[in-house]
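One structure is given here, and the rest of the page talks about it.
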Amino acid sequence: MDENIIENTDPIYELHCIRHSTAHIMAHAVEQMFPDAKFAIGPVIKDGFYYDMALPRNLNDDDLVEIEKRMKDIVKSNNPFRRDEWDKDKAREWFGEHHQDFKLELIDGITDEKVTIYTEGDFTDLCAGPHVRYTKQCKNFKLLKTSGAYWRGDEKNPMLQRIYGTAWKTKEELDLHLNQLEEAKKRDHRKLGKELELFFFHPYAPGSPFWLPKGNTIFQILSSKIREYNARNGYVEVRTPQLFKKDLWETSGHWEHYKDDMFNFESEEETYSLKPMNCPSHMLIFKSQLRSYRDLPIRIHDQGVLHRNEDSGALGGLTRVRMFSQDDAHVFATEETLKQEINSILTMIKRIYSVFDMKFSVSLSTRPENFMGEPELWDMAEKMLEEVIIENELEYKLNKGDGAFYGPKIDYLVTDAIGREFQTATTQLDFQLPRRFDLTYVDKDNSFKHPIVIHRAMYGSLERFIGILIEHYAGIFPLWLAPVQCHVINISDRHAEYAHKVSNLLAERGIRAVVDDRNETMNYKIREAQLKKIPYMLIVGDKEMEAESIGVRNLKGGDLGLATVSDFIEQITAEAKMDF
RNA sequence: GCCCUUGUAGCUCAGUGGUAGAGCACAUCCUUGGUAAGGAUGAGGUCACGGGUUCAAGUCCCGUCGAGGGCUCCA
């Protein structure tokens with residue numbers, strides 16, 4: 001029996017086995033509770049595992065407790081995992097008898113003659129393996145949550161129930177992981193957004209953030225920094241309409257692909273839509289003049305407000321909203337300048353993410369099923385993007401079939417505190433829209449040619465980017481981005497006037513300072529400034545008033561001692577300087 | 001949109017069918033302070049909304065809306 005078990009002591013492999021085996025143990029426990037359970041798939045994922053299954057009723061949190069209890073009993077009984085190879089016919093017969101419909105489908109999808117079967121105690125499952133030797137090796141686990149999941153990920157299929165769990169080799173690793181999850185919750189941008197008074201949502205406008213003064217300050221700083229950076233790199237900025245007739249979206253192809261995801265309404269017997277993106281506007285801008293090859297590349301930047309009618313269930317904090325702005329731009333290039341432009345965009349993206357000290361990963365998405373245009377063009381575009389990535393020595397993941405309907409794209413993904421990946425920047429090639437809009441420029445030989453369009457964004461959605469930044473910095477923003485840079489704290493009433501004088505001097509030099517002259521103790525005001533993550537606290541009392549100075553306290557560094565106001569202004573101005 | 005969870009004061013939360021609570025925040029007064037919470041008093045709630053069950057509903061049931069976790073989607 002035991003000789004069928006594969007031995008391997010590679011730690012990554014071992015952890016994989018532990019997680020996968022724990023998924024089996026979980027299914028085993030579920031089967032004890034629901035003998036009619038039909039099991040689908042139970043793979044290993046980052047930090048753990050899940051198992052999808054059809055059950056006679058929906059699970060609740062109490063069920064998870066019960067399942068966990070039963071799992072512990074199974075672990076304790078220390079059953080061995082036995083590996084068998086069955087002929088497919090035997091497997092079909094067995095799983096058929098046990099009414100495991102999903103397993104039967106899976107067996108049909110397996111090309112080998114034989115299938116592998118793992119048995120632990122009285123629970124038998126179709127499984128490629130491998131597994132641990134005994135259930136006791138799976139004692140460090142925790143079930144985390146239940147959710148719905150479509151069979152084979154297709155929303156037309158019935159919805160199954162999924163249980164997620166985490167599993168580790170040692171109790172220490174498990175506790176560390178659970179602790180990290182707790183820590184990550186503390187830096188959740190929704191929690192910090194409320195605590196730091198950055199933004200909020202109201203039920204009257206689901207998915208659309210209200211930017212409070214402090215959050216708006218961050219928004220405006222990011223917006224102006226990217227605006228300046230774009231300008232230095234040859235971009236011009238425009239403002240474009242919010243509402244368009246349906247005809248525009250039909251021309252662009254968005255109506256066909258996305259009409260259900262747009263906000264549409266009737267007015268004077270015409271259908272209008274709130275713009276879900278800027279590109280069609282920019283096509284019209286290009287078309288508004290006769291263009292020469294000498295004008296290209298033309299780089300148009302636009303931070304307009306966009307609306308997308310996202311599914312209610314998809315909304316979440318700032319990372320998935322219905323109203324947002326992008327640092328959007330479209331570059332109209334010739335074939336000769338195209339590669340240079342993509343390269344320059346990549347350089348800009350690298351610069352920006354280095355400023356935020358954020359790592360990004362790159363994915364290349366290729367032709368989807370519902371693509372428009374000629375396959376040859378797609379091939380050429382995909383090759384060019386790949387070349388640029390390789391020339392920039394970036395690792396990338398190939399996402400076959402994940403491109404936009406008009407062209408292939410490079411997406412840039414950053415990882416948040418909990419390890420969830422979010423798309424931010426993007427570079428998308430487009431040979432289609434210029435044709436659909438019949439955009440042309442006059443080339444050297446006096447012929448009309450279609451430009452090639454690059455859609456690109458660096459932050460992506462400002463909303464999402466700020467959400468990610470909040471978590472990245474745990475609310476402690478770098479000085480240049482901190483919505484309030486200084487709290488001027490007077491010790492008693494007689495120092496209030498001087499506190500305002502200091503604050504005014506700072507404000508004159510563009511430093512974002514606020515006087516906290518409430519009738520509270522200095523300690524109280526310091527505590528509150530610390531909790532609000534204000535970078536500098538400037539204490540003013542008798543001592544400071546006499547010397548025309550301030551007592552400087554740093555959020556992270558504590559009491560820094562006395563400084564003259566002018567010295568401090570000089571120092572903080574230098575410290576708060578940032579340009580991409 | 002689908003599955004699950006959830007909605008009590010501005011915030012964080014307690015309240016398991018029988019007269020709505022705490023801490024913080026807020027207001028007034030006292031206090032005038034030296035690097036993370038000074039004190040007293042007070043105001044503040046149609047328990048998200050709409051139905052239903054019950055002698056009686058914040059509490060149980062149904063629906064709507066919002067939020068959270070997933071699934072699907074993400075131009």
Side-chain angles (χ1 to χ4, degrees), chain A residues 50 52 55 58-61 63-64 144-164 185 188 190-191 194-195 197 200-207 249 252-262 275-280 306 308-317 319-321 326 328 368 370 402-407 409 411 420 422-423 426 428 430 432-433 455 460-461 464 489-496 518-531 537-544 551-555 558-561:
Chain A
Y50 68 76
D52 285 350
L55 301 175
N58 289 327
L59 293 171
N60 55 42
D61 289 350
D63 292 324
L64 278 193
L144 297 175
K145 57 200 173 194
T146 59
S147 89
Y150 301 106
W151 166 234
R152 292 192 185 279
D154 189 333
E155 62 183 326
K156 290 183 204 79
N157 286 333
M159 179 155 280
L160 307 172
Q161 296 192 68
R162 175 175 296 180
I163 306 175
Y164 285 93
K185 269 190 207 160
D188 187 312
R190 288 165 299 207
K191 183 173 149 63
K194 201 178 280 179
E195 287 173 5
E197 301 169 315
F200 76 96
F201 288 90
H202 195 279
Y204 283 161
W249 309 112
S252 70
H254 289 98
W255 191 258
E256 182 191 339
H257 288 271
Y258 291 109
K259 68 170 182 297
D260 293 339
D261 303 314
M262 292 160 60
K275 69 175 166 189
M277 39 149 43
N278 296 305
C279 23
L306 307 177
R308 293 181 185 179
N309 195 0
E310 303 287 356
D311 285 343
S312 56
L315 301 176
T319 41
R320 195 69 182 273
V321 286
Q326 294 178 320
D328 201 4
N370 62 348
D402 254 3
F405 64 84
Y406 48 69
K409 59 178 182 175
D411 284 328
R420 285 182 299 196
F422 290 100
Q423 188 207 310
T426 188
Q428 312 184 356
D430 189 347
Q432 304 310 322
L433 278 184
H455 308 244
S461 148
R464 168 178 290 186
I489 296 173
N490 59 322
I491 292 181
S492 84
D493 288 349
R494 65 178 176 280
H495 313 119
R518 289 174 301 170
N519 178 14
E520 296 287 353
T521 61
M522 178 197 69
N523 276 343
Y524 180 90
K525 292 193 256 191
I526 287 177
R527 176 182 156 78
E528 199 160 89
Q530 288 283 140
L531 293 174
M537 283 145 267
L538 309 178
I539 315 295
V540 297
D542 292 337
K543 216 164 58 181
E544 288 78 13
V552 181
R553 183 193 162 92
N554 181 265
L555 174 63
D559 190 354
L560 301 181

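No experiment lies behind these values; they were computed from the predicted model shown. To find a chain, count down the sequence lines: A is the first, B the second, and so on, and within it residues start at 1. Only this structure's heavy atoms are used, side chains among them; waters, hydrogens and symmetry mates stay out.
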Requested in this report: Please tell me which of A/D311 and A/D411 maps to the more 5' nucleotide of RNA chain B, matching each residue to the nucleotide holding its nearest heavy atom.
Outcome: A/D311
Report task. On RNA chain B, check which nucleotide each of A/A205 and A/R308 is closest to and give me the residue with the more 5' one. Result -> A/A205
Query raised in the report: Base, backbone or nothing for each nucleotide of nucleotides 5-11 of chain B, written B, S, -, heavy atoms under 4.0 angstrom, 5' to 3'?
Result: S-----S
Query raised in the report: Once each nucleotide of nucleotides 25-34 of chain B is scored for protein heavy atoms under 4.0 Å, what B/S/- sequence comes out, 5' to 3'?
Result: SS---BBBBB
Requested in this report: Please determine if a side-chain N or O atom of A/K191 lies less than 4.0 Å away from the OP1 or OP2 oxygen of B/rU12.
Outcome: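 Looking at the OP1 and OP2 atoms of B/rU12, neither is under 4.0 Å from any side-chain N or O of A/K191.
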Taking atom [atom1] in both [N] and [M], compute the distance separating them and give it to the nearest angstrom.
N      : M      : atom1 : result
B/rG7  : B/rG18 : C1'   : 24 Å
B/rG39 : B/rC24 : P     : 9 Å
B/rG23 : B/rC61 : C1'   : 34 Å
B/rA43 : B/rG58 : P     : 24 Å
B/rG33 : B/rG69 : P     : 48 Å
B/rU6  : B/rG10 : P     : 23 Å

Only counting residues at least two apart or in another chain, list the ones meeting side-chain contact (heavy atoms from CB on, under 4.5 Å) with [X].
X      : value
A/Y150 : A/E155, A/M159
A/Q432 : A/M372, A/W378, A/Y406, A/D430
A/D311 : A/A314
A/P280 : A/L248, A/W249, A/S252, A/H254, A/M277, A/F437

Requested in this report: Not counting sequence neighbours, which residues clear salt bridge (Lys or Arg N to Asp or Glu O under 4.0 Å) with A/R464? List them please.
Outcome: none
Please work out if [X] contacts a base, only the sugar-phosphate, or nothing of the nucleic acid, heavy-atom cut-off 4.0 Å.
X      : answer
A/P276 : base
A/K409 : sugar-phosphate
A/Y406 : sugar-phosphate

Pull out every protein N or O sitting under 3.5 Å from an N or O of nucleotides 69-71 of chain B, one pair per line with the distance.
| residue | atom | partner | partner atom | Å |
| --- | --- | --- | --- | --- |
| B/rG69 | OP1 | A/R190 | NH1 | 3.0 |
| B/rG69 | OP1 | A/R190 | NH2 | 2.6 |
| B/rG69 | OP2 | A/R190 | NH1 | 3.2 |
| B/rG70 | O3' | A/Y164 | OH | 3.0 |
| B/rG70 | O2' | A/S147 | OG | 2.4 |
| B/rG70 | O2' | A/Y164 | OH | 3.2 |
| B/rG70 | O6 | A/G313 | O | 3.3 |
| B/rC71 | O4' | A/G148 | O | 3.1 |
| B/rC71 | O2' | A/Y150 | N | 3.1 |

Can you tabulate the close N/O pairs, meaning under 3.5 Å, that link protein atoms to atoms of nucleotides 40-43 of chain B?
none

**Report entry** Separation of atom CZ in A/F200 from atom P in B/rG66, rounded to whole Å
**Finding:**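 Roughly 16 Å, once rounded to whole Å.
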Query - A/K525 NZ - B/rG38 P separation (whole Å) - result: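 About 11 Å, once rounded to whole Å.
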Query - Set of residues satisfying ring pair (Phe, Tyr, Trp, His ring centres under 6.0 Å) with respect to A/W255, sequence neighbours excluded - result: none
Requested in this report: Can you figure out which of B/rA36, B/rC73, B/rC3 approaches the side chain of A/R553 most closely?
Outcome: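 The closest nucleotide is B/rA36.
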Report task. Any chance you could measure A/D328, atom CG, to A/N278, atom CG, to the nearest 0.5 Å? Result ->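 Atom-to-atom, A/D328:CG and A/N278:CG are 4.5 Å apart.
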Query raised in the report: Roughly how far apart are A/E195 CD and A/D188 CG, rounded to 0.5 Å?
Result: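 Nearest 0.5 Å value for the CD-CG distance: 10.0 Å.
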**Report entry** Stems formed with participation of RNA chain B [Watson-Crick or G-U wobble, under 3.5 Å, three or more pairs]
**Finding:**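 Stems for RNA chain B, defined as runs of 3 or more consecutive pairs: B:1-7 with B:65-71, B:10-13 with B:21-24, B:26-30 with B:38-42, B:48-52 with B:60-64.
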Query raised in the report: side chain to side chain donor-acceptor pair (under 3.5 Å) with A/E256: which residues, sequence neighbours excluded?
Result: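 Expected list: none.
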